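Here is the structure we will look at, set down as structure tokens.
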Amino acid sequence: MKNDIIQETNVEVAPRKNFIREIIEDDLKTNKYGGRVHTRFPPEPNGYLHIGHAKSICLNFGVARDYNGKCNLRFDDTNPTKEEQEYVESIKEDVKWLGYDWEEREFYASDYFEKLYEFAVQLIKKGKAFVCDLSGDQVRQYRGTLTEPGKNSPYRDRTVEENLDLFERMRKGEFPDGSKTLRAKIDMAAPNINMRDPVMYRILRATHHRTGDKWCIYPTYDWAHGQSDSIENITHSLCTLEFVDHRPLYDWYLEQLGVYRSQQIEFAKLNLTYTVLSKRNLLQLVEEGSVSGWNDPRMPTISGLRRRGYTPESIRLFADRIGIARSESTAEVTQLEDCLREDLNRRALRAMAVLRPVKVVIENYPDDQVEELEAVNNPEDASMGSRKVPFSKVLYIEQDDFREVPPKKYWRLFPGNEVRLRYAYIIKCESVVKNSKGEISEIRCTYDPATKSGSSESQRKVKSTIHWVSAKHAVDTEVRLYDRLFTEEFPAGENWRQYLNRNSLEVLKNCKLEPSLSKAKPGDKYQFERMGYFCADEDSKPNALIFNRAVTLRDTWAKIEKK
RNA sequence: UGGGGUGUAGCCAAGCGGUAAGGCAACGGCCUUUGGAGCCGUCAUUCCCAGGUUCGAAUCCUGGCACCCCAGCCA
């Protein structure tokens with residue numbers, strides 16, 4: 001997975017200040033946790049991680065790193081009906097790939113099931129929890145509404161002994177699924193609905209990916225999360241804004257139990273234009289076949305971005321640039337793309353690749369001559385050296401780099417015009433050959449031998465430089481061009497799928513690469529000069545390479561043309 | 001007249017009573033053998049609105065408005 005062609009450099013700078021770092025610095029100053037900083041990243045293994053999770057990962061691990069603390073990886077696996085081992089594997093891979101290390105601290109909420117059970121018994125003994133026989137529907141009715149208080153469950157006043165007995169029998173499997181719950185006894189009239197006697201345990205016969213069939217009762221998120229934080233001695237429990245309302249409950253449990261108090265702090269989750277970022281939606285895209293899988297290069301998943309050609313550095317840069325705050329916001333996808341450009345510009349090898357080829361014949365170039373021309377590997381970084389590129393009489397250039405009738409400000413090849421062939425000569429278009437259908441089959445040019453790149457007489461300026469590939473040396477390849485998955489900036493609502501971009505994938509079968517590219521391995525990233533950044537796909541075979549376009553280069557010409 | 005959260009430029013986001021950081025985008029110019037990159041410059045007389053306090057308010061107070069979250073035995 002490591003790309004050894006890419007040099008180790010660092011596009012990242014000092015992390016941005018944000019309100020969470022401020023709180024932490026304050027706590028450090030007042031010695032609130034004895035100088036400790038201990039965070040956790042708590043994914044539920046019910047899907048693949050996406051760019052929104054990356055924001056959280058960078059926050060939690062980044063803060064731990066910067067304040068000399070620790071960050072645990074904890075799987076929040078309290079719902080066996082949705083969770084799978086495949087997901088935990090992918091999550092671990094993605095966190096590692098992003099560059100973070102949880103060392104030996106790989107934890108699971110399910111590790112604490114026994115302890116959580118004991119805690120629940122404690123609460124029952126304190127008279128703070130009870131076994132409730134209300135059905136799901138009835139619980140809902142009793143809960144009241146947003147504007148009306150709820151009513152006490154008729155089972156609320158069972159004795160401690162009865163609750164203890166019932167709860168134990170729940171665990172033993174004496175009652176059918178859904179027939180009973182354990183509930184906290186708080187306040188059915190609380191304006192915060194989370195405090196209206198929330199469910200702590202439900203009866204659920206499902207095989208858990210780690211505990212198997214050992215349990216038939218499972219803790220709810222609210223009951224498991226804070227106690228897990230406490231058990232792990234987490235100092236700052238960072239989560240997203242939708243949990244703000246849960247904080248009073250988080251604190252209540254810890255307080256009633258009299259255990260170590262972690263502190264929950266909420267921040268705004270990431271939204272991205274032209275993409276969906278909810279696991280539910282992403283799952284649907286995968287299951288309905290709108291994409292090829294969780295790692296389809298168009299997916300905003302970490303694995304999709306990785307396959308697309310994104311680097312961990314670019315994602316971390318992005319996370320840093322968007323910042324952390326409490327106001328809900330939507331970052332522009334272009335900003336993500338820009339982070340990749342910034343990273344790859346400095347590190348990626350350059351190469352020449354013609355995606356939509358048209359043949360050029362240099363009339364005055366000797367028929368069988370081949371020259372090995374010197375080409376720089378990365379103009380941003382001399383240490384990356386240079387390579388040889390073969391030049392001969394018949395070449396391919398990009399169809400787009402030739403116009404029979406040039407528009408205004410078009411500086412590339414057209415009849416009578418001169419352009420430089422990158423690292424080679426200045427050529428002039430003399431004529432055009434067309435086939436029976438009127439399509440251009442060949443562009444006839446002459447070259448000026450005095451203009452060879454690097455020679456003392458090569459200084460003559462022409463308005464533009466284009467890339468090329470020698471026809472007889474070209475490596476044929478497939479290139480997959482990706483565009484955004486959605487056509488709408490905010491693909492929301494019931495019919496969000498109607499905004500799927502039907503042209504989000506274009507496959508080019510007849511691309512011509514310079515020979516040095518034949519040694520590319522899956523995951524290798526290059527800048528195809530003037531075309532964009534490309535990444536060799538995992539579908540590549542030794543003699544049948546496939547490249548994904550990760551992102552185009554910035555294109556001011558495209559902008560001019562639009563006007 | 002349920003509770004909670006949030007409003008600073010096109011998009012992010014600092015700002016914590018002393019006179020609106022920074023990044024991205026955009027727009028000019030320079031430079032360029034990638035219409036890339038780089039460099040230089042421009043880009044909020046005003047911080048959701050209205051009052052008030054103060055020598056001084058994006059910051060404090062009062063009253064509005066807008067948007068988001070919550071009625072899973074999901075997380």
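Everything numeric in this text was worked out from a predicted model, so none of it was measured. Throughout, a chain's letter reflects where its sequence line sits, starting with A, and its residues are numbered from 1.
- You'll find the side chain of A/Phe528 reaches within 4.5 Å of the side chain of A/Leu513, heavy atoms only.
- At a cut-off of 3.5 angstrom, counting only N and O atoms as typed in the model, there is no donor on one side facing an acceptor on the other between the side-chain of A/Glu328 and the base of B/rC69.
- Taking only side-chain nitrogens and oxygens, A/Arg530 never comes nearer than 4.0 Å to OP1 or OP2 of B/rU32.
- Rounded to an integer number of Å, the gap from CD of A/Glu266 to P of B/rC69 is 16 Å.
- Backbone-only engagement by A/Ile322 is indicated by non-hydrogen atom pairs under 4.0 Å involving sugar-phosphate atoms exclusively.
- No hydrogens or angles were tested; on distance alone, nothing pairs the side chain of A/Thr465 with the base of B/rU34 as donor and acceptor under 3.5 Å.
- Side-chain nitrogen and oxygen atoms of A/Ser329 include at least one within less than 4.0 Å of the OP1 or OP2 phosphate oxygen of B/rA13.
- Residue contacts shown for A/Phe75 are absent, as no nucleic acid heavy atom lies under 4.0 Å away.
- B/rC24 is paired with B/rG10 under the Watson-Crick or G-U wobble criterion, all donor-acceptor distances under 3.5 Å.
- Interface remark: the A/Glu380 side chain does form a donor-acceptor pair with the B/rG36 base, using a distance-only criterion of under 3.5 Å.
- Considering only the side chain of A/Thr147, B/rG2 comes nearest among B/rG35, B/rG2, B/rU34.
- Using the Watson-Crick or G-U wobble rule with both distances under 3.5 Å, B/rG18 pairs with B/rC55.
- When Watson-Crick and G-U wobble pairs are counted only if both distances are under 3.5 Å, B/rA50 pairs with B/rU62.
- Under the Watson-Crick or G-U wobble criterion, with both distances below 3.5 Å, B/rG38 is paired with B/rC30.
- Listed pair A/Arg183 / B/rC73 fails the phosphate criterion, with no side-chain N or O lying under 4.0 Å from OP1 or OP2.
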Please tabulate, for side-chain N and O atoms in residues 40-47 of chain A, each donor-acceptor pair with protein atoms closer than 3.5 Å (sequence neighbours left out).
residue: A/Arg40; atom: NH1; partner: A/His225; partner atom: NE2; Å: 2.7
residue: A/Arg40; atom: NH1; partner: A/Ser237; partner atom: OG; Å: 3.1
residue: A/Arg40; atom: NH2; partner: A/Leu238; partner atom: O; Å: 2.3
residue: A/Glu44; atom: OE1; partner: A/Asn46; partner atom: ND2; Å: 2.8
residue: A/Asn46; atom: OD1; partner: A/Lys279; partner atom: NZ; Å: 2.5

Yes or no on ring pair (Phe, Tyr, Trp, His ring centres under 6.0 Å) for A/Tyr221 and A/Phe243, after CA distance, side-chain angles and deciding distance? CA-CA 11 Å; A/Tyr221 166 86; A/Phe243 294 103; 4.9 Å; yes
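- The side chain of A/Arg321 lies closest to B/rG23 when the candidates are B/rU34, B/rG23, B/rG35.
- Side-chain atoms of A/Tyr250 and A/Asp229 form a donor-acceptor pair, as typed in the model, at a separation below 3.5 Å.
- Closest heavy-atom contact between A/Thr552 and A/Arg341: O-NE, 2.7 Å.
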Apply salt bridge (charged side-chain N to carboxylate O under 4.0 Å, His left out) to residues A/Arg347 and A/Asp381 and explain how you reach the verdict. CA-CA 8 Å; A/Arg347 305 157 68 206; A/Asp381 184 354; over 6 Å; no
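- Among the protein residues, A/Arg326 comes within range of the sugar-phosphate backbone only, with heavy atoms under 4.0 Å from sugar or phosphate atoms but none that close to a base.
- Not one side-chain nitrogen or oxygen of A/Lys463 sits closer than 4.0 Å to the OP1 or OP2 atom of B/rG35.
- Within 4.0 Å (heavy atoms only), A/Gln527 reaches at least one base atom of the nucleic acid.
- Considering only side-chain atoms of A/Tyr221, the nucleotide from B/rC27, B/rA75, B/rG36 that sits closest is B/rA75.
- The A/Thr556 side chain lies nearest to B/rG35 when the options are B/rC16, B/rA75, B/rG35.
- Heavy atoms of A/Gln335 sit under 4.0 angstrom from at least one base atom.
- Using a 4.0 Å heavy-atom cutoff across all strands shown, A/Pro379 reaches at least one base atom of the nucleic acid.
- Using a 4.0 Å heavy-atom cutoff across all strands shown, A/Tyr218 reaches no nucleic acid atom at all.
- Considering all non-hydrogen atoms of both residues, A/Asp133 and A/Gln138 come closest at O-NE2, 4.3 Å.
- In this model, a donor atom of one side chain and an acceptor atom of the other lie less than 3.5 Å apart for A/Glu86 and A/Tyr48.
- Here B/rG41 is in the anti range [glycosidic angle more than 90° from 0].
- Searching all strands for a Watson-Crick or G-U wobble partner of B/rC67 with both distances below 3.5 Å returns B/rG5.
- Of the side-chain N and O atoms in A/Lys17, none sit less than 4.0 angstrom from OP1 or OP2 of B/rG22.
- For B/rG3, the base has a donor-acceptor partner in the side chain of A/Asp245 [N/O atoms by modelled type, under 3.5 angstrom].
- Donor-acceptor pairing under 3.5 Å is lacking for the side chains of A/Tyr274 and A/Glu489.
- Residue A/Leu146 has its side chain nearest to B/rC70 when only B/rC74, B/rA14, B/rC70 are considered.
- Proximity of A/Ser327 to the phosphate of B/rA13: a side-chain N or O atom is located under 4.0 Å from OP1 or OP2.
- Proximity note for A/Trp411 (side chain, C-beta onward) versus B/rU33, B/rA75, B/rG35: the nearest is B/rG35.
- Looking at A/Phe402 and A/Ile466, their side chains never come closer than 4.5 Å, going by heavy atoms from C-beta outward.
- Across the strands present, B/rC43 finds no partner; the criterion is a Watson-Crick or G-U wobble pair with both atom distances under 3.5 angstrom.
- Here the P atom of nucleotide B/rG2 and the CZ atom of A/Arg196 are 13 Å apart, to the nearest Å.
- What separates CZ of A/Phe243 from C1' of B/rG72 is a distance of 12 Å, to the nearest Å.
- Within 4.0 Å (heavy atoms only), A/Ile324 reaches sugar-phosphate atoms of the nucleic acid but no base atom.
- Residues of residues 198-206 of chain A having a heavy atom closer than 4.0 Å to RNA chain B, listed by number: A/Val199, A/Arg202.
- Checked by atom type, the side-chain pair A/Ser56/A/Asn60 shows a donor-acceptor distance below 3.5 Å.
- A donor N or O paired with an acceptor N or O is found under 3.5 Å between the base of B/rG35 and the side-chain atoms of A/Arg412.
- Residue contacts for A/His246: at a heavy-atom cut-off of 4.0 Å it reaches a base atom on one of the strands shown.
- An OP1 or OP2 oxygen of B/rA75 is reached within less than 4.0 angstrom by a side-chain nitrogen or oxygen of A/Thr78.
- Residues from residues 270-282 of chain A placing a heavy atom under 4.0 Å of any atom in RNA chain B do not occur.
- Residue A/Asn345 contributes atom CG, which lies 13 Å from atom C1' of B/rU32 at whole-angstrom precision.
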